[in-house]
Structure formats: structure tokens, C-alpha cells
A.B. asks: 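Please read through the structure below; I'll follow up with questions.
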Amino acid sequence: MQPESGFSTRAVHTGSEADPVTGAVITPVYATSTFKQDGVGGLRNGYEYSRSANPTRTAWEECLAALENGRHGFAFASGLAAEDTLIRALLKPGDHVVIPNDAYGGTFRLFDKVAARWGVEYTAVPIDDPGALLAACTSATKLVWIETPTNPLLTIADITEITTALADHDLHVAVDNTFATPYLQQPLDLGADIVVHSTTKYVNGHSDTVGGAIAVNDDDLAERIRFHQNSMGAVMGPFDAWLTHRGAKTLSVRMERHCDTAERIAAYLSSHPKVAQVYYPGLESHPSHAVAAKQMSRFGGMVSFRHKDGEEASVEMCNRAKLFTLAESLGGVESLIEHPARMTHASAEGSELEVPSDLVRLSVGIEDAEDLLADLEQALD
Ligand SMILES: *Cc1c(COP(=O)(O)O)cnc(C)c1O
């Protein structure tokens, strides 16, 4: 596929060459751990053992790289496996990291409870304040972790402003692009060194796999990541790679619908008497709406809001929803509702990443918008 092809064309075709032997249009699930060698050291197409590389995973990794306008893609067993591999590839004890003060709870836990024990310190900053971010960088800072929009408060970081300000620093900038997806935002084009995904969410999009990904442009960086992917072994298996690749082919179509309906729901909630505040970067009232409009093509499918009647009312509302399934995770075709303080972000309680206790988070699916609005209406009643 030509790199200049459009996003949807790349999603459907990159990595999906017809099988040269059978003509199979879809890359099969290569359910094999090892590959026969033609004489000692005689590898066929470079495959020797499926931790190092597997053709089904390679097909997906090529597609994923193309979606992010990157030269190299890597698929992992989960988003956190991708993050952990990156931490080991880039950092050593004594190094320092800057992270968002409302990062995904599992990312925070990885830095706070795992990497910190291993001697990597972090500073959490408001990611929409580039001044605070710059001030937190020291000579020991080797990684700046950006999440935009953040989970669950949909805070926006200005990727271009941050990467430009840090251009002379000896560090890497990684962007967790899980919420925006490569369809709405391409961080490598905005100066980031690394893009990270939980493909569990929108990229796979059908709530039937757990997976992670990294995309980069730099060849040396890619070699370091490839070495650690193989050495640490947290790879995506061939069946998950096949499902994720299949899901990614419809990413553009799904995202358009997610965005259409999320915009309607954000507008509806904004005028609802029981709603105190709506967090959606597409709303002009969002403090970073202008930045979001500059770096994202649309505003995504995640909407959070605070219930006017407090924590118990917000919990009851989650329990009353019917079409919105009460569950963690996000980005699937089905709509989900959850209470971050008691569910996804419970591990951040008491930390600087604690979320408001009356917050409700919606992952707006691709069902009919009228049905979703009616469900919110009855649940808020
Ligand atoms: C879910 C999520 C992760 C972690 O990914 P897993 O696949 O669950 O390991 C990281 N970042 C964000 C923004 C997420 O939503």
C-alpha cells in the first residue's frame, strides 16, 4: 500500500497482501510456535519462533504502523504490557518521568507502584499546563508521558506545543493515543517520538480482546523496542492479532458514528438539570476546546459528567442504565457506563490522580442515538 493512501485505504489494505501460495485474501491465524528451517539457520521469510515474530502479528503490526503514519509497529499482550516494555527499553534506575495528573489509573499504578520500586521517579503534572510540564523536567527526565484526551476527565494536552518546547531536551515524548485513536489524531506527525495504545479499546473496537501497541518512526528506537519486545516476551498472540487487525479495518467508520452520537449526548447532558458539568472536548465550554480542534479531526466517543446530586446519585444512575452496560473498559461498538471513582480509578483514591466521586463516564457506542438518549433520560430521571 502506498504510504500516501488515505487512512481508510491503509486500514483495509496495509499488511493484508493476498497469500502468495493460496491466494487467501485474509492473513490466516498462524497458530504455530515455531517454524521449520531449511538447513541450520535457513529461515523462511525471517520467521523462527513466534515470540520473536509471527506472520499474523506481523500483518497487524504493519497495518498499525501505517495507521499512525509510523515506520514501525509492535503488538503486545495488553496496553500495560506495551507501556512496561517501553519503560524498560527507555529507562534505568535513577531516571525521572513526567506523567499527567489524570492519566489512566493503570498507567499511574505502573509508574507509582512498579517503576518507582525499581528506581524510576515520576512527577505528575496537569497535562494541559505546558509551563508546569516544562518546570517538572530535570536533567534526569528521560520520558514525558502524554495522554490526550485523558481518561476519565478528557483533559487535552497540546502535543505540538509540548514536543516543540522539549525539542532540545535529551528525552522521549510518548503519547497514549487510546482515546483519540489514529483516525482522529496522529501524534507522530505532531512531533511525538512514540505512540502507545491499548488496542483493547477503539482500535479493536469489539470488546473481545486485550491488547497493546507501540508505533515509532525512528529506526534505532524501533530496534530497542523490538529487542525488548522479544526479550521481555509480552507479545500479542496470533489469534488476538488477527481479531485486532480485523477490528482496525473498520476504525474510521466506527469512529465517525462514535463521534456523531457522543456530540449529541454531550449536548443533551449539558442542558440536563441533574448534570453539574460535562467533560467533552467537542463542547465550546471545554477549557481546551481550541487545542482539541487544532490537533484532532473530531472529538471522540468518550463523555464524562458530574451528577448534581452527588456520589450516591451518580452510582444509582449507573445502576439504572439498561442499554448502557455497566462495565469497565471502553471503545467497543456497545455503549458502556461506569463510575470511575469506584471502578476504573479506584486505585487512584487518595493520590493526586483521584477523580471526583460524582463522576460518571460514558463510552458511547454505535447503537441508534435515540435509543441511547432515551436510556440516559430514564437513568437520570
Ligand atoms: C485501558 C487503557 C490502558 C491500559 O490498557 P490495557 O489494554 O487494559 O492493558 C492504557 N491507557 C488508556 C488510556 C486506557 O484506556
Side-chain angles (χ1 to χ4, degrees), residues 100-108 124-129 147-157 178-180 201 258-259 261-292 296 299-331 335-365 369 372-381:
N101 69 358
D102 62 345
Y104 170 71
T107 298
F108 175 67
V125 300
I127 202 68
D128 55 354
D129 180 351
E147 195 182 303
T148 182
T150 60
N151 177 3
L153 292 174
L154 288 308
T155 309
I156 301 290
T178 300
F179 268 40
K201 319 293 169 54
H258 285 300
C259 293
T261 309
E263 280 169 18
R264 282 184 66 179
I265 287 178
Y268 164 79
L269 292 171
S270 299
S271 59
H272 196 288
K274 293 238 174 98
V275 173
Q277 191 180 350
V278 181
Y279 302 85
Y280 185 67
L283 291 174
E284 277 175 28
S285 58
H286 187 287
S288 302
H289 173 68
V291 178
M296 301 173 76
F299 304 103
M302 299 300 297
V303 181
S304 296
F305 63 94
R306 296 180 71 169
H307 199 295
K308 224 172 223 157
D309 299 339
E311 178 167 359
E312 285 313 317
S314 65
V315 170
E316 278 164 31
M317 191 233 152
C318 292
N319 290 335
R320 268 200 303 270
K322 294 193 179 89
L323 186 53
F324 279 86
T325 302
L326 179 64
E328 301 196 356
S329 197
L330 59 110
S335 294
L336 303 179
I337 189 167
E338 70 119 357
H339 191 270
R342 293 200 191 171
M343 294 171 65
T344 47
H345 291 66
S347 65
E349 192 184 345
S351 76
E352 60 226 285
L353 277 84
E354 189 172 302
V355 296
S357 62
D358 53 7
L359 191 75
V360 174
R361 189 188 76 181
L362 304 177
S363 173
V364 177
L372 294 172
L373 287 164
D375 191 39
L376 292 174
E377 180 87 23
Q378 68 82 20
L380 277 164
D381 201 10

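Model, not experiment: these values are computed from the prediction.
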A.B. asks: Which value, rounded to the nearest 0.5 Å, describes the distance between H345 atom NE2 and E354 atom CD?
C.D. replies: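 Answer for the NE2-CD pair, H345 versus E354, is 11.5 Å.
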A.B. asks: What pair of heavy atoms forms the shortest contact from Y280 to G300, and how long is it?
C.D. replies: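 Closest approach of Y280 to G300: OH-O, 2.7 Å.
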A.B. asks: Should N101 and V125 count as side-chain neighbours, where that means a heavy-atom distance under 4.5 Å?
C.D. replies: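 With C-beta onward as the side chain, the pair stays apart.
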A.B. asks: Could you tell me which non-hydrogen atom of S357 sits nearest to which non-hydrogen atom of A341, and how far apart they are?
C.D. replies: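 Closest approach of S357 to A341: CA-CB, 4.0 Å.
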A.B. asks: Kindly write out the residues that satisfy ring-ring contact (aromatic ring centres under 6.0 Å, His included) with F179, not counting sequence neighbours, or none if the list is empty.
C.D. replies: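 F179: no ring-ring contact (aromatic ring centres under 6.0 Å, His included) contacts found.
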A.B. asks: Quick one: side chain to side chain donor-acceptor pair (under 3.5 Å) partners of H339, sequence neighbours excluded?
C.D. replies: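 If we apply the side chain to side chain donor-acceptor pair (under 3.5 Å) test to H339, skipping adjacent residues, the hits are S314.
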A.B. asks: To the nearest 0.5 Å, how far apart are OG1 in T150 and CG in D102?
C.D. replies: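 If we round to the nearest 0.5 Å, T150:OG1 and D102:CG are 3.5 Å apart.
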A.B. asks: Which residues satisfy the salt bridge (Lys or Arg N to Asp or Glu O under 4.0 Å) test with D128, sequence neighbours excluded?
C.D. replies: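 D128 satisfies salt bridge (Lys or Arg N to Asp or Glu O under 4.0 Å) with no residue once adjacent residues are dropped.
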A.B. asks: Measuring only between side-chain heavy atoms, which start at C-beta, is Y279 closer than 4.5 Å to M302?
C.D. replies: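 No - every pair of side-chain heavy atoms lies 4.5 Å or more apart.
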A.B. asks: So which heavy atom on S329 is nearest to which on L336, and how close?
C.D. replies: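 It is O-CD1, 3.4 Å.
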A.B. asks: Please report the interatomic distance CG(D129) to OG1(T155), rounded to the nearest 0.5 Å.
C.D. replies: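 The CG atom of D129 sits 11.5 Å away from the OG1 atom of T155.
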A.B. asks: Which class fits the ring pair F299 and H289: parallel under 30°, tilted 30 to 60°, perpendicular over 60°?
C.D. replies: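 The rings of F299 and H289 sit tilted, inter-plane angle from 30° to 60°.
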A.B. asks: Checking T344 now: which residues fulfil side chain to side chain donor-acceptor pair (under 3.5 Å) with it, not counting sequence neighbours?
C.D. replies: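 Listed in chain order: E338.
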A.B. asks: Testing the basics here: between G310 and D358, what is the closest heavy-atom pair and its distance to 0.1 Å?
C.D. replies: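 Result for this residue pair: C-CB, 3.6 Å.
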A.B. asks: Let me confirm one number: the CG-CZ distance from D381 to R320, rounded to the nearest 0.5 Å.
C.D. replies: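 Answer rounded to 0.5 Å: 7.5 Å.
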A.B. asks: Where is the tightest heavy-atom contact between L362 and I265, given as atom of each residue plus distance?
C.D. replies: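 Of all heavy-atom pairs spanning L362 and I265, the closest is CD1-CG2, 3.9 Å.
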A.B. asks: Going by side-chain contact (heavy atoms from CB on, under 4.5 Å), V360 matches just one of P340, P152, C318. Which one?
C.D. replies: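 Considering P340, P152, C318, a side-chain contact (heavy atoms from CB on, under 4.5 Å) with V360 is found only for C318.
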A.B. asks: Of all residues at least two apart in sequence or in a different chain, which pass the side chain to side chain donor-acceptor pair (under 3.5 Å) check with N151?
C.D. replies: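 Scan of N151 (side chain to side chain donor-acceptor pair (under 3.5 Å), adjacent residues dropped) gives R361.
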A.B. asks: Mind checking salt bridge (Lys or Arg N to Asp or Glu O under 4.0 Å) for E147 and listing every partner two or more places apart, or none if nothing turns up?
C.D. replies: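 Here no residue qualifies.
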A.B. asks: Taking the basic N atoms (NZ, or NE/NH1/NH2) and the acidic carboxylate oxygens, is any pair closer than 4.0 Å for D375 and K322?
C.D. replies: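 No.
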A.B. asks: Sort and list the pairs that fulfil side chain to side chain donor-acceptor pair (under 3.5 Å) and have at least one residue in residues 263-276, not counting sequence neighbours.
C.D. replies: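 For residues 263-276, and leaving out neighbouring residues, the side chain to side chain donor-acceptor pair (under 3.5 Å) pairs sorted by first residue read E263-R298, R264-E370, Y268-E377.
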A.B. asks: Could you work out, with salt bridge (Lys or Arg N to Asp or Glu O under 4.0 Å) as the rule, every residue matching E312, not counting sequence neighbours?
C.D. replies: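 Only R342 meet the salt bridge (Lys or Arg N to Asp or Glu O under 4.0 Å) criterion with E312.
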A.B. asks: Counting only heavy atoms not in E349, do more than 12 sit closer than 6.0 Å to its CD atom?
C.D. replies: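 No, not enclosed.
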A.B. asks: Taking the side chain as C-beta and beyond, is there a heavy-atom pair between V278 and S285 under 4.5 Å?
C.D. replies: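 V278 vs S285: side chains apart.
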A.B. asks: Which heavy atom of H286 sits nearest a heavy atom of L154, and at what distance?
C.D. replies: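 Minimum heavy-atom separation between H286 and L154: NE2-O, 2.7 Å.
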A.B. asks: Taking only residues two or more places apart in sequence, or in another chain, which ones meet A313 in a side chain to side chain contact (heavy atoms under 4.5 Å, CB included)?
C.D. replies: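 Once residues adjacent in sequence are excluded, the partners of A313 under the side chain to side chain contact (heavy atoms under 4.5 Å, CB included) criterion are H307, D309.
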A.B. asks: I'd like to check the side chain to side chain contact (heavy atoms under 4.5 Å, CB included) partners of S335; sequence neighbours left out, ordered by chain and number.
C.D. replies: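 Side chain to side chain contact (heavy atoms under 4.5 Å, CB included) list for S335, sorted by chain: F324, E367, L372.
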A.B. asks: Can you sort out the partners of A290 under side chain to side chain contact (heavy atoms under 4.5 Å, CB included), two or more places apart, ordered by chain and number?
C.D. replies: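 None.
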A.B. asks: Who are the side chain to side chain donor-acceptor pair (under 3.5 Å) partners of E328, not counting sequence neighbours?
C.D. replies: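 Side chain to side chain donor-acceptor pair (under 3.5 Å) list for E328, sorted by chain: empty.
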A.B. asks: Output yes when a side-chain donor or acceptor of T148 lies under 3.5 Å from a complementary backbone atom of A157, and no otherwise.
C.D. replies: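 Here the side-chain-to-backbone pair exists.
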